[in-house]
Amino acid sequence: MHKFWETPVAPASAPLGVKVPECLKIANVRIQPATILAPMAGVTDTVFRRFIRNASFVAGPESIMSAPDLPTAETPKEISGCGLIMTEFTSADGLFRTRESKRKRYLHFYEDEHPISAQLFGSDAYTLAESAKIVEDAGFDLIDLNLGCPAKRVVKCNGGSGLLKDLPIIRRIFEAVRAAVKIPFTVKFRLGWDDDNIVCVELARMAEDCGLNAMAMHARTREQGYSGNARWEWIAAVKSAVSIPVIGNGDIRTPEDAVSMVAQTGCDGIMIGRTAASNPWIFRQIRQHAETGAYAQPTERDRYEMIRTYFKMLVEENMHGSPGKMKQFVAWFTHGVPNSNALRRAVYDAQTGPDILTSVERFFEGVLQADTRSLANVV
């Protein structure tokens, strides 16, 4: 997953009177608010999903930015700014052929993750249908088909966006999965393979005709990957073509972007991927913006609490603390932190999760003390 954007754009200004929808219903599943954490390979495991969901609660206009620890049953909370979370994409073939005792590794989630959608990829209709039954039996609220991943290793197997070159196969998959499960069935797709083969409107109509309950579209072609700007006008075209909910995805970096997408496309909800990895407060900020017209920016202490919270969750989930995952995320989470290269070097040199936590605490102790001295000098 690309951490940041190759094409910088000027910040959007939010149109007056427009908000991200407060609620989205996909069949019998209520998503409130209509904001979704995108499925991201190597990112949206159970720890990251719960971290984002719980970092997004808004108590009101006076809420602080700092990400909370995992909630307890006794902790009263408001609605999270993130309405739906999704798993990393999972190979339908791998899931179907894996022994039942090992499937938990692919489909593990906690009760506080509801509503949650499981995303599958593959190209064989029968295998996808059988895997969809496994997902339904595991207790997921929705199931999603990946027609968007541009990775070569996935496309080579005719999965992800590779299927966009063969709509008849997609129809067979839609029909087989729809007949196999009762839970809501959705699809995430791109504009098409390239600019000469844009199929999003035809695909959207086919999805509705086959009984799918909603769709999300990343407004780039497979050929674009994550480069260039997302073309929101195609989200509007898809929205005009179908009556089931349409979720927009691509280039939402700020609350103003989210509002602008809704205004320009009429989409029923928004999906955020890369921004959530570098700014875990984005869903909270969107909800604050909807309620007050403004939103808080994270302080250095907020960043410290956020990094410490996520890394502590990784340690609690795995006694070794998933040092590889910590090293992966530290570059995203420290983007914009002064002298963050020193922290990244310390994290990369550490061998265990607890050692990495110590490095984080030591680094921010110096940063926060420097901030305190700076304020004292101003006073």
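Sequential numbering from 1 along the given sequence is applied to the chain's residues.
Ring planes of Phe48 and Phe329: tilted class, angle from 30 to 60°. Ring planes of Tyr110 and His108: perpendicular class, angle over 60° (limits at 30 and 60°). Between Phe51 and Phe333, the ring planes are tilted. Angles from 30° to 60° get that label. Tyr304 and Phe364 have tilted rings, their planes meeting at an angle from 30° to 60° on a 0 to 90° scale.
Side-chain contact of Gln285 with Asn279: a donor-acceptor pair under 3.5 Å is present, judged by distance alone. For Glu305 and Tyr310, the side-chain atoms include no donor-acceptor pair closer than 3.5 Å. Thr46 and Glu317 share no donor-acceptor pair across their side chains, judged by distance under 3.5 Å alone. Remark: the Arg344 side chain and the Ser340 side chain contain an N/O donor-acceptor pair separated by less than 3.5 Å. Side chain to side chain, Asn146 and Lys188 fail the donor-acceptor criterion of an N or O pair below 3.5 Å. No donor-acceptor contact under 3.5 angstrom links the side chains of Arg49 and Asn54, judged on distance only. A donor atom on one side chain and an acceptor atom on the other are found under 3.5 Å apart for Thr352 and Asp355.
The salt bridge (charged side-chain N to carboxylate O under 4.0 Å, His left out) analysis of residues 234-247, with sequence neighbours excluded, yields the pairs Lys239-Asp268. Screening residues 134-163 for salt bridge (charged side-chain N to carboxylate O under 4.0 Å, His left out), with sequence neighbours left out, gives no hits. Contacts classified as salt bridge (charged side-chain N to carboxylate O under 4.0 Å, His left out) and involving residues 228-238 (residues at least two apart or in different chains) are given here: Asp195-Arg231.
Ring-centre distance between His114 and Phe140: not below the 6.0 Å cut-off.
Between Gln119 and Thr87, the closest heavy-atom pair is N-OG1, 3.1 Å.
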Point to revise | Chi angles and distances behind the side chain to side chain donor-acceptor pair (under 3.5 Å) call for Asp302, Thr299 | key: CA-CA 5 Å; Asp302 295 326; Thr299 65; 3.0 Å; yes

Practice item. Evaluate side chain to side chain contact (heavy atoms under 4.5 Å, CB included) for Glu361 paired with Phe311, printing each intermediate quantity in order. Key: CA-CA 11 Å; Glu361 290 167 356; Phe311 285 4; over 6 Å; no

Exercise for review: For the pair Val330 and Ile307, evaluate side chain to side chain contact (heavy atoms under 4.5 Å, CB included) and give the outcome as yes or no after the intermediate values.
Suggested key: CA-CA 8 Å; Val330 72; Ile307 295 171; 5.6 Å; no

Review point. Hey, mind stepping through Arg171 and Leu167 against side chain to side chain contact (heavy atoms under 4.5 Å, CB included) and telling me if it holds?
Key: CA-CA 6 Å; Arg171 177 177 282 276; Leu167 294 186; over 6 Å; no

Practice item. Assess whether side chain to side chain contact (heavy atoms under 4.5 Å, CB included) is satisfied between Ile134 and Leu107, documenting all intermediate values. Key: CA-CA 9 Å; Ile134 294 170; Leu107 301 178; 3.8 Å; yes

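Using a 4.5 Å heavy-atom threshold, the side chains of Met217 and Val246 count as separate.
Figure legend: cation-pi geometry between Arg190 and Tyr226, with NZ or CZ positioned under 6.0 Å from the six-membered ring centre and within 45° of its axis.
Note on Glu130 versus Arg97: no salt bridge recorded, every NZ/NE/NH1/NH2 to OD/OE distance being 4.0 Å or above.
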